[in-house]
Amino acid sequence: MRKEDLRIVFMGTPEFAVGTLKALVEGGYNVVAVVTQPDKPVGRHGSVLRSPEVKVYAQEHDIPVLQPVKMKDEEFLAELRSYKADLQVVVAFRMLPEVVWAMPKYGTFNVHAALLPQYRGAAPINWAIINGETRTGVTTFFLDHDIDTGRVIMQRSFEIPLEADVEYVYDGLMELGAQTAVETIERIIEGEGSVETLPQEEMIEVGTELHPAPKIFKDTCKIDWTQPVKRVYDFIRGLCPIPGSWGEVVLPDGTQMELKVYQSALTERPTNDIVAGTLIKEKKAVFVACSDCLLELKTVQPNGKKRMDAISFANGLH
RNA sequence: CGCGGGAUGGAGAAGUGGUCAACUCGCUCGGCUCAUAACCAAGAGAACGGUGGUUCGAGUCCACCUCCCGCAA
C-alpha cells in the first residue's frame with residue numbers, strides 16, 4: 001500500500017493537534033477530512049466566535065472540515081462515512097462513541113501526551129509536571145470504550161527538566177507527537193493495516209501507582225502554601241502559563257490578597273516558623289513561605305492587573 | 001446587551017472635592033570604597049486614558065468613549 005492510498009480523517013481541536021495534522025499534510029498523507037469542535041464564543045462580550053486552530057489550518061489547506069455538536073448525530077455520521085476513511089487519527093479531541101472510532105477498517109488511533117497507562121485524561125502534561133515527573137512522553141494507541149485505555153502501538157519518552165513549564169513540554173510533545181503519529185501510520189501501512197499492539201494491562205508494573213490526569217478547573221489551580229517548596233514549585237510550573245496558578249498571600253502589612261503566580265524559583269532558605277503563605281519582600285527579591293523553605297516569586301499577576309515581574313509588584317506594596 | 005476589576009512620572013503604586021500629586025524601583029550627577037548589583041547625598045521626570053458635564057473648585061462626583069485584565073466559553 002502506498003501512503004497516498006490510505007484515506008485519513010483527522011480529529012482534533014487545539015494547537016497541540018495542529019502539530020500532527022501539519023506533519024501528515026506536509027508528509028504527503030492523504031487527509032481527506034478534519035473533524036473538530038464547533039466554533040466557540042470568545043472575548044469579553046460573548047459575540048465573537050473563534051475557530052479551533054485545527055479548523056484554521058485545515059481551511060488554509062483546503063481540507064473539508066466537520067464540526068459536529070453531537071458525535072452521535074446521524075447527519076454527521078453519514079457525512080463522516082462518506083469520506084470512506086481507512087484510518088482515523090485523533091489528537092486532543094473529545095471522547096468518541098464506538099460508532100465513530102470503529103468506522104474505519106484500520107481503526108482509529110489517538111496521540112496522547114503521556115506515557116500510558118500513566119496520566120490518562122484531559123490534562124496529562126499539566127499533571128506530569130505538577131507531580132514532579134522528570135520524564136513523560138507520547139503514546140499512540142487504538143481507541144476503545146474507555147478514556148485512554150486502548151492497545152498501545154508506539155511510545156516515545158521525553159525529558160522534563162527541573163525548570164520546565166507547561167509551554168516547554170507542550171511544544172516538545174507536540175513535535176514528538178507529530179513524529180510518532182507519522183511513524184505509527186508508517187507501521188500501519190507497512191503492515192497493510194495490521195500492527196503489533198500491547199494491551200496496557202501488561203504495561204503496568206506491579207506496585208506502581210497510576211496517576212490520573214483529569215481536566216483542570218479554577219479550583220484545581222489554587223496554590224497550597226503549606227506544602228513543601230518543591231511541591232509548590234512543581235505545582236506552579238505545571239500550570240504555567242495556562243491556565244495559571246493562584247494563591248492567597250499575606251502581605252507584610254497583614255492584609256491578604258489573591259495573586260496569580262506564573263514563574264517562581266526554588267530556594268533552600270528555611271522558613272523559620274513564618275506562617276505559610278506569608279510574603280516576604282527584600283531589596284532584590286520576593287518570597288513566599290512554604291512549609292519548609294521560601295519560594296522566590298518571579299512573575300506574578302494581581303487581580304485586574306497585567307502580568308508583571310515580582311519586583312515590580314513588590315515596589316507597589318506600601 | 002454574559003459577570004467583574006482596572007487606566008496616576010520609565011516600572012509598580014498611594015491619593016475618593018480644596019498645599020496640581022506620597023512611596024518603592026529605575027534613571028542622571030556627586031561621594032564613599034580595592035571594588036560593588038552595597039551604602040550616603042543631590043536631581044530630572046506626571047497637567048493624573050479621552051470627551052463632555054456637575055461644582056466657587058475634580059486625579060478625586062456623573063455620562064459616554066477608547067484600551068487593558070480576570071471569570072465564563
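Order of the sequence lines sets the chain letters (A, B, ...), proteins ahead of strands, with each chain counted from 1.
Here A:Tyr119 pairs with A:Asn131, A:Glu133 under the side-chain hydrogen bond (donor to acceptor under 3.5 Å, both in side chains) rule; sequence neighbours left out. Under the ring-ring contact (aromatic ring centres under 6.0 Å, His included) criterion, A:Phe16 pairs with A:Tyr170, not counting sequence neighbours.
Atom C1' of B:rC25 sits at a distance of 13 Å from the matching atom of B:rG9, rounded to the whole Å. Only the P atoms considered, B:rA42 is 48 Å distant from B:rC64, to the nearest whole Å. One P atom belongs to B:rC29, the other to B:rG15, and the distance between them is 34 Å to the nearest Å. To the nearest whole angstrom, the two C1' atoms, one in B:rU24 and one in B:rG53, are 37 Å apart. B:rU28 and B:rA44: their C1' atoms are spaced 7 Å apart (whole Å). On the C1' atoms, B:rA7 is 15 Å away from B:rU60, given to the nearest whole Å. Of the C1' atoms belonging to B:rU33 and B:rA38, the separation is 10 Å, rounded to the nearest Å. Between B:rC34 and B:rG43, the two C1' atoms lie 29 Å apart (nearest whole Å).
Checking the phosphate oxygens (OP1, OP2) of B:rC23, no side-chain nitrogen or oxygen of A:Lys281 falls inside 4.0 Å.
In this structure, A:Glu282 places its CD atom 19 Å from P of B:rA37, rounding to the nearest Å. Protein atom CE of A:Met257 is 13 Å distant from nucleotide atom C1' of B:rG70, rounded to whole Å. Summarising the geometry, the separation between CG on A:Leu259 and C1' on B:rG5 is reported as 15 Å, rounded to the nearest angstrom. Rounded to a whole Å, the NZ atom of A:Lys40 is 10 Å from the P atom of B:rA73. The NZ atom of A:Lys283 sits 10 Å away from the P atom of B:rC25 (whole-angstrom rounding). Rounded to a whole Å, the CE atom of A:Met308 is 18 Å from the P atom of B:rU24. Here the P atom of nucleotide B:rA13 and the CG atom of A:Asp309 are 11 Å apart, to the nearest Å. The CZ atom of A:Phe313 sits 15 Å away from the P atom of B:rG6 (whole-angstrom rounding).
Pair assignment for B:rU60 gives none, since no Watson-Crick or G-U wobble pairing has each distance under 3.5 Å. Pairing of B:rA41, defined by two Watson-Crick or G-U wobble distances under 3.5 Å, is not identified with any nucleotide. The pairing partner recorded for B:rG4 is B:rC69, the criterion being a Watson-Crick or G-U wobble arrangement whose two distances lie under 3.5 angstrom. Using the Watson-Crick or G-U wobble rule with both distances under 3.5 Å, B:rU33 pairs with nothing in any strand shown.
Ion pairing between a basic and an acidic side chain is recognised when a charged N comes within 4.0 Å of a carboxylate O; A:Asp86 and A:Lys105 show such pairing. A salt bridge between A:Glu60 and A:Lys22 is absent, with no side-chain N of the basic residue lying under 4.0 Å from a carboxylate O of the acidic one. Ionic pairing of A:Lys3 and A:Glu186 is not present here: no N-O contact between side-chain nitrogen and carboxylate oxygen is shorter than 4.0 angstrom. Between A:Asp224 and A:Arg231, none of the side-chain N atoms (NZ, or NE/NH1/NH2) sits under 4.0 Å from a carboxylate O, so this pair counts as no salt bridge.
Of the possible donor and acceptor atoms, none in the side chain of A:Asp219 sits under 3.5 Å from a partner among the backbone N and O of A:Lys222.
Set against B:rG12, B:rC25, B:rC71, the side chain of A:Lys284 has B:rC25 as its closest nucleotide. For A:Lys218, the side-chain atoms get nearest to B:rC71 when compared with the rest of B:rG12, B:rA73, B:rC71.
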Write out a two-atom table: protein N or O, nucleotide N or O from nucleotides 66-69 of chain B, distance below 3.5 Å.
| residue | atom | partner | partner atom | Å |
| --- | --- | --- | --- | --- |
| B:rC69 | O3' | A:Gln301 | NE2 | 3.3 |
| B:rC69 | O2' | A:Lys305 | O | 3.2 |
| B:rC69 | N4 | A:Arg44 | NE | 3.0 |

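With 3.5 Å as the limit, one finds a donor-acceptor pair spanning the side chains of A:Ser312 and A:Asp309.
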